[in-house]
Number of protein chains: 6
Amino acid sequence: MSRIDGRTPNQLRPVTIERGWSKHAEGSVLVSFGDTKVLCTASVTEGVPRWRKGSGEGWVTAEYAMLPRATNTRGDRESVKGRIGGRTHEISRLIGRSLRAVIDYKALGENTIVLDCDVLQADGGTRTAAITGAYIALADAVAWAQGKKIVKPGRKPLTGTVAAVSVGIVAGVPLLDLRYEEDVRADTDMNVVCTGDGRFVEVQGTAEAEPFARAELDSLLDLAQTGCAELAGLQREALGIALER
Amino acid sequence: MSRIDGRTPNQLRPVTIERGWSKHAEGSVLVSFGDTKVLCTASVTEGVPRWRKGSGEGWVTAEYAMLPRATNTRGDRESVKGRIGGRTHEISRLIGRSLRAVIDYKALGENTIVLDCDVLQADGGTRTAAITGAYIALADAVAWAQGKKIVKPGRKPLTGTVAAVSVGIVAGVPLLDLRYEEDVRADTDMNVVCTGDGRFVEVQGTAEAEPFARAELDSLLDLAQTGCAELAGLQREALGIALER
Amino acid sequence: MSRIDGRTPNQLRPVTIERGWSKHAEGSVLVSFGDTKVLCTASVTEGVPRWRKGSGEGWVTAEYAMLPRATNTRGDRESVKGRIGGRTHEISRLIGRSLRAVIDYKALGENTIVLDCDVLQADGGTRTAAITGAYIALADAVAWAQGKKIVKPGRKPLTGTVAAVSVGIVAGVPLLDLRYEEDVRADTDMNVVCTGDGRFVEVQGTAEAEPFARAELDSLLDLAQTGCAELAGLQREALGIALER
Amino acid sequence: MSRIDGRTPNQLRPVTIERGWSKHAEGSVLVSFGDTKVLCTASVTEGVPRWRKGSGEGWVTAEYAMLPRATNTRGDRESVKGRIGGRTHEISRLIGRSLRAVIDYKALGENTIVLDCDVLQADGGTRTAAITGAYIALADAVAWAQGKKIVKPGRKPLTGTVAAVSVGIVAGVPLLDLRYEEDVRADTDMNVVCTGDGRFVEVQGTAEAEPFARAELDSLLDLAQTGCAELAGLQREALGIALER
Amino acid sequence: MSRIDGRTPNQLRPVTIERGWSKHAEGSVLVSFGDTKVLCTASVTEGVPRWRKGSGEGWVTAEYAMLPRATNTRGDRESVKGRIGGRTHEISRLIGRSLRAVIDYKALGENTIVLDCDVLQADGGTRTAAITGAYIALADAVAWAQGKKIVKPGRKPLTGTVAAVSVGIVAGVPLLDLRYEEDVRADTDMNVVCTGDGRFVEVQGTAEAEPFARAELDSLLDLAQTGCAELAGLQREALGIALER
Amino acid sequence: MSRIDGRTPNQLRPVTIERGWSKHAEGSVLVSFGDTKVLCTASVTEGVPRWRKGSGEGWVTAEYAMLPRATNTRGDRESVKGRIGGRTHEISRLIGRSLRAVIDYKALGENTIVLDCDVLQADGGTRTAAITGAYIALADAVAWAQGKKIVKPGRKPLTGTVAAVSVGIVAGVPLLDLRYEEDVRADTDMNVVCTGDGRFVEVQGTAEAEPFARAELDSLLDLAQTGCAELAGLQREALGIALER
């Protein structure tokens with residue numbers, strides 16, 4: 001069986017990570033997983049939300065959104081509707097938790113970093129591209145804060161790297177990094193977030209049509225771990241290149 | 001190591017399923033997992049949402065909410081705040097997907113069933129209790145619709161049973177069906193939804209503190225499958241008792 | 001003429017008052033007036049709203065809501081609609097005023113008690129059941145606050161008891177404590193809130209069809225005073241029983 | 001005891017009713033009860049809300065609001081806050097019910113009349129001035145609809161007149177038509193809506209400080225009936241003068 | 001060509017300015033431009049919004065709204081819709097900017113003046129009438145604040161006068177101060193705000209049908225300057241008359 | 001005097017127009033005016049809003065928004081705040097009016113085109129860049145609709161071209177196409193929208209500090225006409241290049 005774009009089942013789409021995309025943000029990345037393009041910016045502010053004041057600890061949070069015509073048919077703006085939908089809430093929370101998994105709050109000190117992940121074009125895997133790109137923006141923002149001494153000298157707020165990928169079973173075959181057309185046809189759909197050392201931060205699997213057996217679940221987890229490891233390599237490579245701005 | 005309430009690591013809390021709790025709803029259950037109490041009602045209406053009209057297929061959806069003082073400290077009402085929070089959205093969507101996994105839309109015909117899961121008292125595991133109880137309310141509502149010929153004779157809208165349980169790793173030990181105090185202390189927290197035949201509908205695992213290794217994930221999945229199987233037995237037992245109203 | 005449930009015109013429905021229903025709230029009551037069931041919880045917090053700070057006086061407020069399927073046909077959730085309806089607002093305000101009528105703010109000190117009245121099942125008289133039950137929850141919360149020394153020793157924040165009942169004229173006959181089916185057929189509908197010593201806190205009478213004459217109003221007030229006196233007796237009885245939790 | 005403005009306890013403030021205030025509305029009145037000034041407009045539209053279509057019956061509804069600086073200190077606009085407060089909801093509903101009490105829906109036919117009551121200046125009794133003025137605007141709108149044959153010839157949608165007044169007990173003395181300063185000092189505050197034939201449409205009495213005894217309630221009802229009768233006379237007089245526009 | 005109301009192209013409608021309309025507000029004006037009537041109130045409060053605290057400077061802001069039946073057909077209330085429309089936002093901002101153009105923030109000191117402009121009846125030019133009237137209310141409020149020593153002695157917060165007028169091209173002819181029927185037929189519509197010394201504060205021109213040439217723009221600006229100068233004269237006259245309240 | 005980026009007073013920033021940026025939208029452009037970058041997409045749908053049905057005429061509308069970190073400091077998302085701000089409303093309306101000025105609704109037929117203008121990076125002139133870029137996206141969408149026969153053969157919905165530029169007076173000198181730092185220092189700020197034939201669609205001038213004299217206004221209009229003419233040339237050039245996607 002060959003995939004619509006000719007990939008093998010365990011092959012990622014071409015991934016690009018464009019650092020320093022924005023002149024304003026402390027960290028910014030335009031990440032693409034094939035035709036999925038997400039602009040991730042990291043904004044550093046001194047101070048923390050009220051409930052965390054005086055703790056000596058920092059905070060990291062994320063907001064995800066799609067431009068109205070990121071998709072094949074135009075969606076109404078949530079700002080116009082006056083309320084955020086369940087899917088947006090869910091993904092924003094997922095991204096926030098994923099990035100907090102590699103943050104040492106004490107080392108960050110009472111500073112806040114907000115990750116904004118705005119999908120400019122969608123073709124499946126927007127949340128996994130967002131997490132993978134936001135990590136780079138976060139790393140750049142942390143480096144910026146260290147350079148500005150907002151983070152105290154010697155402190156290392158980042159405890160590791162984090163990346164994410166989608167996997168799914170389409171026509172009985174487990175596939176890595178689904179495009180939109182594959183996602184629609186998947187019986188099971190799973191998003192997996194891993195740290196660079198191969199451990200899990202989030203596992204979210206859903207039976208879209210038929211419930212799935214333990215053996216299927218195991219094969220999807222295997223595939224996701226491979227994909228996340230490959231993405232972690234690309235992240236290391238991207239961060240190795242000096243950022244010019 | 002013994003748990004705060006003396007349970008063994010793989011032991012559920014006492015589960016009660018009180019069918020026919022409400023005189024108005026087509027199906028209603030007051031379910032308890034220990035001190036967690038959720039009132040689940042199923043409302044049948046003829047017709048489907050606009051986007052599904054003319055398809056010949058039905059629809060099942062769910063809404064989850066907590067009473068303000070279901071928890072240890074009072075939470076503001078979402079109706080007063082004028083917006084639904086991310087957590088509420090996320091759980092409502094999870095319950096809906098879980099129940100739709102055992103529905104044959106064609107057999108249901110163009111009818112809608114809404115499951116309302118209102119947490120009257122919370123002590124951990126509110127979403128898993130909600131799914132487990134809502135299944136019973138759904139089964140009763142389907143039976144009611146069959147009795148009223150709203151569902152056509154011979155059609156079987158329910159394709160199986162579904163139940164859910166939480167698992168987590170506390171102080172290095174995988175535990176089944178966490179109470180609130182255990183949940184707070186868990187390094188990893190996972191909610192698993194299974195059908196009565198032991199397959200998975202949803203797997204949602206989150207690293208609360210440290211990322212978790214594949215072996216830990218595997219042990220949690222084992223534990224959850226056992227717990228769901230036991231809940232499926234309790235569901236069968238509850239439905240075996242004739243409902244008097 | 002006999003009523004649908006065989007009661008005489010001046011007879012209350014069976015009333016049950018289940019104290020200590022919730023393990024979390026400082027006061028909690030599941031009250032029923034026939035098939036109307038309302039869960040009332042009282043939450044004590046130290047401190048008062050901003051506009052009252054430094055006054056040395058406390059505050060008591062109430063919020064009323066219905067579960068979506070408390071009624072015969074499912075109502076949309078106000079949290080989902082994003083706004084609270086006029087009826088909800090009106091009843092919440094009525095309950096708050098009714099309970100504040102028996103509170104000595106000075107004796108309460110700068111503490112706040114919030115009464116949440118959630119209708120689990122509705123069959124007419126939900127607001128009057130809510131007031132009658134919330135009084136018990138309030139009394140228990142005040143006792144708790146006295147026990148915790150949050151209320152200063154020797155202070156008595158409660159100055160009396162308060163209960164409420166509905167009355168109405170159906171087919172020319174004044175009836176006490178209307179069920180939903182009676183309420184729908186009533187020409188005049190009145191809710192009356194009285195203190196235990198027989199004085200009035202609130203009188204809200206509405207002509208549903210025909211305007212009503214002074215004589216009719218007088219007979220309704222007579223009936224309501226009798227009903228409230230009987231409810232006050234039941235409240236005293238309920239509070240006489242030691243609360244076990 | 002003399003009142004702040006020299007009135008006797010059972011004396012109304014000067015009442016003015018200026019018909020035909022607006023060039024656009026089908027009925028419009030600028031009503032004043034002393035310094036309280038309310039602009040009441042009646043808007044006729046053919047057709048009824050969806051839930052009433054095909055019934056052959058009309059509908060009458062009302063909306064009440066205050067300009068931000070109608071009061072002594074400026075209030076925030078409800079449009080800016082994005083939600084209508086409980087007090088506004090409550091009064092809008094009261095006005096609507098009061099006017100519907102004198103409407104024959106069948107005679108009105110499938111037409112809707114909306115009464116807008118906007119308080120331009122407030123000095124107590126805004127809701128009672130609104131009802132009293134809105135009745136005149138309603139009567140003019142009905143006459144307009146009869147003239148345009150929107151109401152069928154020979155049909156009389158108005159079955160009577162309706163007016164409202166506030167009463168209260170201040171320093172032990174029952175007073176008619178309270179100004180703001182009296183209202184603030186009142187122990188008991190009651191709004192009463194009567195038809196022109198002296199029957200009651202609404203009775204809403206509230207103990208502001210002390211609960212009130214039956215004898216006090218009776219004296220307030222006496223006073224209110226007198227006041228409403230006087231207002232009914234002023235309404236008849238206002239409608240007797242031909243409307244020039 | 002003669003205009004619907006017999007005016008010459010460069011003639012204003014009759015303008016009335018009724019100062020001291022409200023007994024509560026520090027400044028208040030009922031302004032009319034023909035049948036357009038706007039109630040403008042100015043509310044003075046000590047203190048400034050948070051972002052301006054400690055600056056030693058004051059703030060002036062404005063809110064514009066229409067009563068639902070100010071227009072020929074009833075509009076829904078923005079408070080009921082739960083959101084403010086774009087047009088309302090736009091005009092409120094325009095009025096605020098226009099008045100701030102003649103304010104010396106330092107001389108005002110840390111005080112805030114809010115201008116509320118509520119359209120009671122609309123017949124074109126509501127925003128220009130609002131600005132012209134609000135200026136008078138502002139001047140009265142400033143005088144009040146000077147009298148109360150809220151503004152320091154010797155300080156002059158007002159640096160000039162400001163007025164506004166609409167102009168437009170109807171059937172090829174530039175017209176001053178459009179009525180609603182003219183506005184609807186205009187190819188080009190412009191609102192111009194000028195200070196009393198003939199300079200511009202705001203110029204907002206819009207091609208309603210055909211784009212307009214520079215020569216047309218120039219003729220409209222000429223007309224607007226004439227109109228504003230005439231309004232400035234009426235404002236001076238109105239302020240010359242001692243305010244009796 | 002030299003400008004911060006070395007431009008002459010009447011020089012535009014470098015303008016880039018990248019057509020066909022999105023694979024989903026019927027027309028899409030990434031436009032930049034210096035560091036200001038706006039993604040403009042045009043979405044074609046058959047049918048028109050309800051109020052226009054049966055007219056035989058089409059509709060064009062626009063929505064403008066900024067990504068949270070498009071600016072130097074992060075702004076809160078309007079979707080999270082639950083309401084759209086006045087500035088957003090105002091600019092969305094301006095863009096819509098500007099593009100409708102070159103649309104022949106009859107020729108478009110009952111089709112709707114929505115222009116989404118999302119600012120990815122802001123450095124002054126976001127609304128003028130948005131209009132200039134949206135015109136190209138609109139032209140591409142119209143061509144697409146003609147190709148698909150959604151627009152009837154022979155019909156030409158576009159009647160001309162439209163572009164926009166900002167002008168302002170900084171330190172006494174009229175400048176074309178202000179960057180953010182210039183905009184902040186401007187005494188007068190004007191946005192001008194012109195058609196390709198040099199006529200005006202919108203003129204919006206605001207005195208930020210001092211009111212401006214007629215002579216200043218005239219010089220700004222001259223400058224803006226020059227700038228718009230140059231942009232019209234760039235638009236023609238961009239559309240001359242065949243679109244590859």
Side-chain angles (χ1 to χ4, degrees), chain C residues 61-64 78 81-94 96-98 100-105 159-162 187-218 220-222 224-225 228, chain D residues 61-64 78 81-94 96-98 100-102 104-105 159-162 169 187-218 220-222 224-225 228:
Chain C
T61 187
E63 292 184 3
Y64 165 97
E78 294 185 324
K81 288 192 284 188
R83 53 178 74 189
I84 286 181
R87 182 183 175 277
T88 299
H89 257 142
E90 208 167 296
I91 299 178
S92 294
R93 287 158 56 90
L94 171 66
R97 286 197 309 270
S98 298
R100 287 192 293 271
V102 293
I103 284 287
D104 175 341
Y105 296 134
T159 62
T161 74
V162 69
D187 285 323
T188 298
D189 179 22
M190 188 175 302
N191 292 290
V192 176
V193 185
C194 287
T195 49
D197 62 5
R199 288 182 299 160
F200 294 90
V201 171
E202 289 276 339
V203 173
Q204 297 198 336
T206 297
E208 298 288 346
E210 275 295 284
F212 50 95
R214 179 67 180 267
E216 291 173 305
L217 174 52
D218 288 341
L220 287 173
L221 290 168
D222 291 345
Q225 281 186 295
C228 282
Chain D
T61 186
E63 290 185 5
Y64 165 97
E78 294 184 326
K81 287 192 283 187
R83 53 176 75 187
I84 285 181
R87 182 183 175 278
T88 299
H89 257 143
E90 206 168 297
I91 299 179
S92 294
R93 287 157 57 92
L94 171 67
R97 286 197 309 268
S98 297
R100 287 193 292 271
V102 293
D104 175 341
Y105 296 133
T159 61
T161 74
V162 70
I169 297 176
D187 285 322
T188 299
D189 180 22
M190 188 175 301
N191 291 291
V192 175
V193 185
C194 286
T195 50
D197 63 4
R199 287 182 299 160
F200 294 91
V201 171
E202 287 276 339
V203 173
Q204 296 198 336
T206 297
E208 298 289 345
E210 275 296 285
F212 51 94
R214 179 66 180 266
E216 290 172 306
L217 174 54
D218 288 340
L220 287 173
L221 289 168
D222 291 345
Q225 281 186 297
C228 281

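Letters A, B, ... are given to chains in the order of the sequence lines, protein chains preceding strands, and every chain is numbered from 1.
Ring geometry for His89(D) versus His89(C): interplanar angle of 30 to 60°, hence tilted.
Heavy-atom distances place no part of Arg100(D) under 4.5 Å from chain C, backbone and side chain included. Both the backbone and the side chain of Arg214(D) come within contact range of chain C, judged by heavy atoms closer than 4.5 Å. Looking at Leu94(C), neither its backbone nor its side chain comes within 4.5 Å of chain D, counting heavy atoms on both sides. Both the backbone and the side chain of Thr206(D) come within contact range of chain C, judged by heavy atoms closer than 4.5 Å. Neither the backbone nor the side chain of Asp189(D) comes within less than 4.5 Å of any heavy atom in chain C. Both the backbone and the side chain of Asp218(C) come within less than 4.5 Å of a heavy atom of chain D. The part of Gln225(C) that comes within reach of chain D is its side chain, from C-beta onward, which places non-hydrogen atoms under 4.5 angstrom from that chain.
We find the CD1-CG distance between Ile169(D) and Leu217(D) to be 8.5 Å, quoted to the nearest 0.5 Å. Annotation: the span from Glu90(C) atom CD to Ile84(C) atom CD1 amounts to 13.0 Å, rounded to 0.5 Å.
Listed options Ala207(D), Pro211(D), Cys194(D) were ranked by heavy-atom pairs under 4.5 angstrom with chain C; first place goes to Pro211(D). Interface summary for chain D: among Arg97(C), Arg93(C), Arg87(C), Met190(C), the most heavy-atom pairs under 4.5 angstrom belong to Arg93(C). Looking only at heavy-atom pairs under 4.5 Å with chain D, the residue among Gly198(C), Gly85(C), Gly82(C) that has the most is Gly85(C). When the candidates Gln204(C), Glu202(C), Arg83(C) are compared by the number of heavy-atom contacts under 4.5 Å with chain D, Glu202(C) comes out ahead.
Closest heavy-atom contact between Ala101(C) and Val201(C): CB-CG1, 3.6 Å.
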Step-by-step side-chain contact (heavy atoms from CB on, under 4.5 Å) determination, Leu221(D) to Phe200(D): CA-CA 10 Å; Leu221(D) 289 168; Phe200(D) 294 91; 4.0 Å; yes
Applying side-chain contact (heavy atoms from CB on, under 4.5 Å) to Thr161(C) and Val102(C), what does each step give before you reach the verdict? CA-CA 6 Å; Thr161(C) 74; Val102(C) 293; 6.0 Å; no
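Side-chain atoms of Thr88(C) and Glu78(C) include a donor-acceptor pair closer than 3.5 Å.
By the 4.0 Å N-to-carboxylate-O rule, Arg199(C) lies close enough to Glu210(D) to be salt-bridged with it.
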